[in-house]
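Beneath this line is the structure, given in structure tokens, with notes to follow.
Each chain gets a letter, A, B and so on, in the order the sequences are listed, and its residues count up from 1.
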There are 2 protein chains.
Amino acid sequence: MLTFAEENYLKAIYHLSDGGKKGVATNDVSHAMRTKPASVTDMMQKLGEKGVIEYRKYYGVHLTEDGRKLALQTIRKQRIWEVFLVEKLKFSWDEVHEVADELEHVRSQILVQRLDEYLGYPKFDPHGDPIPDEFGEVKSRPRFPLSELEVGASGQIVAVKDSSAAFLKYLDKVGAYIGARIKVLDKVEFDGSVEILVDGKKSIFMSKDVAMNILVMQ
Amino acid sequence: MLTFAEENYLKAIYHLSDGGKKGVATNDVSHAMRTKPASVTDMMQKLGEKGVIEYRKYYGVHLTEDGRKLALQTIRKQRIWEVFLVEKLKFSWDEVHEVADELEHVRSQILVQRLDEYLGYPKFDPHGDPIPDEFGEVKSRPRFPLSELEVGASGQIVAVKDSSAAFLKYLDKVGAYIGARIKVLDKVEFDGSVEILVDGKKSIFMSKDVAMNILVMQ
DNA sequence: ATTATTTTTTAGTATAGTCTAAAATGGTAT
DNA sequence: ATACCATTTTAGACTATACTAAAAAATAAT
Ligand SMILES: [Mn+2]
Ligand SMILES: [Mn+2]
Ligand SMILES: [Mn+2]
Ligand SMILES: [Mn+2]
């Protein structure tokens, strides 16, 4: 059984390791968790003991298969709660993070099952991220940053990479949303900024920084 | 800001003090919280420092007005979550306690507000207990144990005093439920057991122990 | 190849919550 | 009035999590 803190660390490691593939540095976990590196080292050693990560002194950590599954179970809960908050309680997609970050730790299998059922077994959360199944499997659809689309190319917004309130509020303001059909009208070579057409009617201009954080599929 | 543990203690003290009226003994809190008396004393001192209870060494504790309100805020959240679990997620009334006991600690005013709205501002939880308003006010309807009804008297089941799974499952089995109209058909002087008629059709026989834990109004 | 810098780990401290064992207190019974 | 007993509190220890400051290791710069 993992504690709240352990679950949070595991989630952070999962995200930083790109789904368990890459190794993760102490400093990066420290940054993500907003704790000091010394605290991270402590926790890494404990998680190592528990067998959910492989910890090699001075060389960062890797998730074990067990660790990956546990991380995904928490992520599953987080995303299901996010769907609930947006679909049922009318939260906006920029308000759900904090709350879901607490709700995800509520321990009850039956609760997640019933909630999932109640929501109609959603496949994606409000930010377009896939909801893992109860066995820790994620089937992610191919997606890439909008910044990589060529001029003239079309696609559909399927997710956001950054889900900070600031970024999401900006997207709301300019009218970009998950599911929108888009086409790249122009691209400035100098700074990578782009102009896109949304749903065949509205044209939006955005910096490369923004375009990199919008994920599309074709 | 209170911790999870502090909220749980405060709730226990509230219940044991009959809504803040009576003083509460260390041993009773210890029993209710399933912690040792020494741990309770520690916590009482801390809660005393924080001004939510009045702690007099060796003489038990009283809730302050602040403490009472804080306890009621947690109780409000617990009961709203219980309604959600039963009404929306099809939990049975004997399954909600554990889960609501965790959910009640999620910190977000907006969450409780929206949930309350989503549920249509319920006034009572699945066990018939009143849901305090956001300012810590409870308006409880007059109610008393079924065991006190005279033979021939009628009433309506409005709440249960014991909400353990064992007791609630038993009530399900015999067909007693919140809202049922009842009439006392017979009462055995010797042991206080009673026979009641439910909704004018089904007759149930129950021990005094059971009858004392069913609350009715007339 | 040394030296300097960055990253990571260790050592020691703090708070929250719990425990056991022992001491203190208040109330009860003689 | 004193002795006894149940209750409560203190003292000391433990786990979890975080911190600061200092040491150690890895990496980068000369
Ligand atoms: Mn979290
Ligand atoms: Mn999300
Ligand atoms: Mn609780
Ligand atoms: Mn209840």
Whole angstrom is fine here: how far is it from [atom1] in [X] over to [atom2] in [N]?
{"X": "B:L47", "N": "D:dT9", "atom1": "CG", "atom2": "C1'", "value": "16 Å"}
{"X": "B:D42", "N": "C:dC19", "atom1": "CG", "atom2": "C1'", "value": "10 Å"}
{"X": "A:M43", "N": "D:dA18", "atom1": "CE", "atom2": "C1'", "value": "10 Å"}
{"X": "A:E49", "N": "D:dA16", "atom1": "CD", "atom2": "C1'", "value": "14 Å"}
{"X": "A:Q45", "N": "C:dT8", "atom1": "CD", "atom2": "C1'", "value": "10 Å"}
{"X": "A:L2", "N": "D:dA16", "atom1": "CG", "atom2": "P", "value": "12 Å"}

**Asked** Side-chain contact, heavy-atom cut-off 4.5 Å: B:L215 with B:I157?
**Response** no
**Message:** When you compare the side chain of B:I131 with that of B:F124, does any pair of heavy atoms fall below 4.5 Å?
**Reply:** no
Hey, is the side chain of [X] poking within less than 4.0 Å of OP1 or OP2 on [N], counting only N and O atoms?
{"X": "A:T3", "N": "D:dA16", "answer": "no"}
{"X": "B:K57", "N": "C:dG26", "answer": "no"}
{"X": "A:Y59", "N": "D:dA26", "answer": "yes"}
{"X": "A:Y9", "N": "D:dA18", "answer": "yes"}

**Request:** Could you please name the option among C:dT20, C:dT10, C:dT25 that lies closest to any side-chain atom of A:T41?
**Result:** C:dT10
**Request:** Would you indicate which nucleotide in C:dT18, C:dT8, D:dA18 comes nearest to any side-chain atom of A:Y58?
**Result:** C:dT8
**Item:** DNA chain C contacts made by residues 25-37 of chain A, counting heavy atoms under 4.0 Å
**Value:** A:A25, A:T26, A:N27, A:P37
**Asked** DNA chain D: B:V40 or A:E6, which has the more 5' nearest nucleotide?
**Response** B:V40
**Asked** Just checking A:F4: base, sugar-phosphate only, or nothing, at a heavy-atom cut-off of under 4.0 Å?
**Response** nothing
**Prompt:** With a 4.0 Å cut-off on heavy atoms, is A:A5 in touch with a base, just the backbone sugar-phosphate, or nothing at all?
**Reply:** sugar-phosphate
**Message:** Between B:K77 (side chain only) and B:V106 (backbone N and O only), is there a donor and an acceptor less than 3.5 Å apart?
**Reply:** yes
**Asked** Rounded to the nearest 0.5 Å, how far does CD of A:Q73 lie from CZ of A:F135?
**Response** 10.0 Å
**Asked** Cationic tip of B:R79 within the cone over B:F84's six-membered ring, i.e. under 6.0 Å and within 45° of the normal?
**Response** no
**Prompt:** Hey, do the aromatic rings of B:H105 and A:H105 have their centres closer than 6.0 Å?
**Reply:** no
**Prompt:** Please walk me through it: do B:L171 and B:W93 pass side-chain contact (heavy atoms from CB on, under 4.5 Å)?
**Reply:** CA-CA 11 Å; B:L171 294 186; B:W93 67 342; 3.9 Å; yes
